[in-house]
Amino acid sequence: MKLIFEKSREGIGCSILPDCDVPVCSLSDGQKRQEAWKLPQIAEVDISRHYKELVKRVHGVNDGFYPLGSCTMKYNPQVNEEMAKLPGFTGIHPLQPADTVQGCLSVIKELETDLCEITGMDGMTMQPAAGAHGEFTGLLLIKAYLQAKGETKRTKIIVPDSAHGTNPASASMAGFDIVNIPSNEEGCVDLEALRAAVGEDTAGLMLTNPNTVGIFDKNILDITSIIHEAGGLCYYDGANLNAIMGIVRPGDMGFDVIHLNLHKTFSTPHGGGGPGAGAVGCKEFLKPFLPDDYVVETESGLAMVTPEQTIGRVKEFYGNFLVVVKALAYVKTLGKEGIPEASSNAVLNANYMRVCLKDTYDMAYEGICMHEFVMTLEKLHHDKDVSALDVAKMLLDNGIHPPTMYFPLIVHEALMVEPTETESKETLDHAVEVFKKIYATAMENPEILHQCPMTTPVGRLDEVRAARNPVLKYE
């Protein structure tokens, strides 16, 4: 397929803009570009065909099964998109007076109220633009709180070895030192290692529960108590909330601050560069530190205020507002009964696939999982030279997006599968059949897997070369 720049021809174009209906303001020479934009010159019909051809080359949730572990690639209901298209939401300006956007402020306030109820928090900001941005914001809340108390010696954040890579990265960006602790044989936090790690310099702990291997840590109350007794705060990474929303609340587990991936748990679009939203919730004692522009009820209606000890803005205005609209539409569509049902079905689907595959593939951990499960292909790699990457590439030839590969790092040759609640039993049965067929092929003719994918627009790539020498622009 040619790049759109390669299809460009001098003098070709499409004039689709209407005549200007306001006075034209001419720029001085000093304000103008010195060189013309290097934009492709192409007819409208060819633009349309170009992007249609690109669509055929990608795989999304609306194309087929997408069991990307830890990412919760659930289907985004169309009703969410319809709500976000309403003129009252799309036709506003961020600098309008608060009394002219009461409906929009009520959306923010209502979602805040609902998410606080779901998570057990007391305050919530929708301003962060993504999950990792939410992590960073939550850690800034912890830092501001500790500094306000004069606890400047608390500089260390404890992170389990199974954590998402964004956890230590976010903590480091916030100015903390990272203390890594190992998991036990069950894939959960090693309590003795945690006790040995805490001290007067402990600022807090970052943890997700269920954790990255899909297991709900039965010692969670002990874990948060150890941190609190040491004087630290507990941060909940909401990446895996889809397994427990409406059933168990992080606030009741002992967590003080939380970020939510609205694109994972609350069905707003995921991937493609955004826009996203990483809502951050906190307990009452952290509310004074929330980002600027916090929605409150006043006698004259809803207004945006500056919290007393705010960390300031983390994004311009109030974040990606239309994503918030979509999340509220999802919450209201499911309601009090539907939200826990969605979580239950996510857990059911994951365990159904796990049980169907456990006699064929080696599971990293025994027993019931939550929303996802992790397989280890270490033995298959040793015996047949078939890696997790090889299996993933053959899944592409069968119309299935691969699971997350080689993560978490504590599991060798890992494939992490998360089917989500929006997949039918028929889809899961087909996926199980494909996984078993691939395993049989690995047993009988492993060399075939080294050649996959063979039916996709692009075949097996040199991934090392692509990572080290990426071509990032068209010359």
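Computed from a prediction, not measured in an experiment: that's the story for all the values here.
Here F255 and Y235 keep their ring centres 6.0 angstrom or further from each other. A ring-centre distance under 6.0 Å is not found for H401 and F65.
The closest donor-acceptor contact from the side chain of D46 to the backbone of I42 lies at 3.5 Å or more, if one exists at all.
Defined by atom type and a distance below 3.5 Å, a donor-acceptor pair is present between the side-chain atoms of D292 and T306. A donor-acceptor contact closer than 3.5 angstrom links the side chains of S387 and D390. Counted by atom type alone, T166 and E135 present one or more donor-acceptor pairs between their side chains at under 3.5 Å. K74 and N242 share a side-chain donor-acceptor pair at under 3.5 Å. Side-chain contact of N398 with K437: a donor-acceptor pair under 3.5 Å is present, judged by distance alone. A donor-acceptor contact closer than 3.5 angstrom links the side chains of Y294 and E112. A donor and an acceptor atom, one from each side chain of N240 and N209, are nowhere located under 3.5 Å apart. Counting only N and O atoms by type, the side chains of E110 and T113 include no donor and acceptor under 3.5 Å apart. Counting only N and O atoms by type, the side chains of S162 and N211 include no donor and acceptor under 3.5 Å apart.
The salt bridge (charged side-chain N to carboxylate O under 4.0 Å, His left out) pairs that include a residue from residues 1-11 are K7-E53, where partners are two or more places apart or lie in different chains.
S48 meets the side-chain contact (heavy atoms from CB on, under 4.5 Å) test with no other residue; sequence neighbours excluded.
Using a 4.0 Å cut-off between charged nitrogen and carboxylate oxygen, E463 and K393 count as a salt-bridge pair. Ionic pairing of E82 and K85 is present here: one or more N-O contacts between side-chain nitrogen and carboxylate oxygen are shorter than 4.0 angstrom.
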